[in-house]
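Shown next, in structure tokens, is the structure this report addresses.
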Number of protein chains: 2
Amino acid sequence: MISAEAGSRRVDPAPEPAEGSLLLDDQLCFALYAASRAVTARYRPLLDELGLTYPQYLVMLVLWEQDAISVRELGAALQLESSTLSPLLKRLEANGLLHRERRADDERSVAIRLSEEGARLRDRAATVPVSIGDAMGLTPEQDALTKQLLRLLTANVSAD
Amino acid sequence: MISAEAGSRRVDPAPEPAEGSLLLDDQLCFALYAASRAVTARYRPLLDELGLTYPQYLVMLVLWEQDAISVRELGAALQLESSTLSPLLKRLEANGLLHRERRADDERSVAIRLSEEGARLRDRAATVPVSIGDAMGLTPEQDALTKQLLRLLTANVSAD
DNA sequence: CTCGATTAAGTCGTGCGCAACTTATTGGCC
DNA sequence: GGCCAATAAGTTGCGCACGACTTAATCGAG
């Protein structure tokens, strides 16, 4: 188990194996992969209530924060390609949560706008982060530390 | 930046926001999702050399560790459903990396066995963890801490 | 021994995620 | 102005992930 002190305390004397082990449980990548799927799974029943998938929920988070954004900007925020977003946005539009319209000043660009229903959904979504935070069961320090480490990792791994 | 000594140096006084924020960048879930995809993307060119996808690589890691395992055991190790593994294993078999055969003592079960080629692939894969470890750029302490935190998170979130 | 419940693996449908590509528009250089 | 590179969005193909379901084998209570 991990100490609450934001990781300040010794954790375990587990014999950390040689660099470059091929053992599954030594791989940070697998811990990451498993954690990501486990968290998504925990979201699923909550998001089902809202009629959203997890990636769709992330898109809505961005839109609730800044409406009338382009697909490109959305992709920059979520680190997703247009080939992922375009069909996803189509589904959200079909579900009545947003509108898509070409920008007058640049016909290449498409502005994504929340519909009334999409904007209203924000209220119903308000309980989701709290519920997930509970399930995660991390102290605020652990939560912040994990975020920091994951961002560092992402930045390093994304570098050139 | 994050300190190496498991948090010995101050990181940042970023105003950690209210519990239950809907801002994308406050969500641990998003940091996790983004990190997982970024790491997988980093693996991709290395695994392309081996003719493997990332989930296929994870399966091979398990098999290199313990051969002649059942689909069920593989699923337990990777936390994946048979509906994910069955087609994936079919593809690995088609690529000549493994064989599948019904167990004599329990005809419901299927034993997954490495082929010669699958076993040999291990040598070529040996450099992958080192290369990825480099790219991740975490200190051993940061690496271990991240793994610990992710396992804690996974365990909490998976609990009933 | 029997038969209903359980278990293992697999199929099917849907929605990502991404590489490779296409289409349409814009910008820049002469 | 004309043309070509760059850019934005979208399409296609493939491989996961997973829920819901199917098939087949085994288990176990009576």
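Keep in mind the model is a prediction, meaning the values are calculated, not measured. Below, read A as the first sequence line, B as the second, and so on, with proteins coming before strands; counting in each chain starts at 1.
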One pair to check against salt bridge (Lys or Arg N to Asp or Glu O under 4.0 Å): B:Asp106 and B:Arg108. What are the steps and the verdict? CA-CA 5 Å; B:Asp106 185 345; B:Arg108 291 172 301 179; 3.0 Å; yes
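Of the possible donor and acceptor atoms, none in the side chain of B:Gln66 sits under 3.5 Å from a partner among the backbone N and O of B:Val62.
Electrostatic pairing of B:Arg102 and B:Glu107 does not count as a salt bridge here, judged by no charged N lying under 4.0 Å from a carboxylate O.
Distances were taken from every side-chain heavy atom of A:Arg37 (C-beta onward) to each of D:dA17, D:dG19, D:dC16; the shortest belongs to D:dA17.
In this structure, A:Ser36 OG and B:Arg37 CZ are separated by 9.0 Å, a value rounded to the nearest 0.5 Å. Distance check: A:Lys147 NZ to A:Gln142 CD gives 13.0 Å after rounding to the nearest 0.5 Å.
Interface residues of residues 80-95 of chain B facing DNA chain D, ordered by number: B:Leu80, B:Ser83, B:Thr84, B:Leu88, B:Arg91; criterion, heavy-atom separation under 4.0 Å. DNA chain D is contacted by B:Asp106, B:Glu107, B:Arg108 of residues 97-110 of chain B, taking any non-hydrogen atom closer than 4.0 Å. Near-neighbour residues of DNA chain D inside residues 65-78 of chain A, defined by a heavy atom below 4.0 Å, number-ordered: A:Ser70, A:Val71, A:Arg72.
Between B:Leu58 and A:Tyr33 the shortest side-chain heavy-atom distance falls below 4.5 Å. Contact annotation: the side chain of A:Leu28 approaches that of B:Met136 to within less than 4.5 Å [non-hydrogen atoms, C-beta and beyond]. Counting heavy atoms from C-beta on, the side chains of B:Leu32 and B:Leu150 come closer than 4.5 Å. The side-chain heavy atoms of A:Arg113 and A:Leu98, taken from C-beta on, include no pair separated by under 4.5 Å. For the pair B:Val110/B:Leu89, no side-chain contact is recorded, criterion being any heavy-atom separation below 4.5 Å from C-beta on. Using a 4.5 Å cut-off on side-chain heavy atoms (C-beta onward), B:Leu92 and B:Met60 make contact.
For the pair B:Met60 CE and D:dC16 P, the interatomic distance rounds to 13 Å; values are reported in whole Å. Protein atom CG of B:Asp48 is 13 Å distant from nucleotide atom C1' of D:dG15, rounded to whole Å.
Considering only side-chain N and O atoms, A:Tyr54 lies nowhere under 4.0 angstrom from the phosphate OP1 or OP2 of D:dA17.
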Show me the side-chain donor-acceptor pairs of residues 70-78 of chain A shorter than 3.5 Å, one per line, residues at least two apart or across chains.
from: A:Ser70; atom 1: OG; to: A:Arg72; atom 2: N; distance (Å): 3.4
from: A:Ser70; atom 1: OG; to: A:Glu73; atom 2: N; distance (Å): 3.1
from: A:Ser70; atom 1: OG; to: A:Glu73; atom 2: OE1; distance (Å): 3.2
from: A:Glu73; atom 1: OE1; to: A:Ser70; atom 2: N; distance (Å): 2.8

For residues 44-51 of chain A, run the donor-acceptor check on the side chains, cut-off 3.5 Å, and write out each pair with its distance to 0.1 Å, sequence neighbours left out.
none

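Read 5' to 3', the first and last nucleotides of DNA chain C with an atom closer than 4.0 Å to a heavy atom of chain B are C:dT7 to C:dA19.
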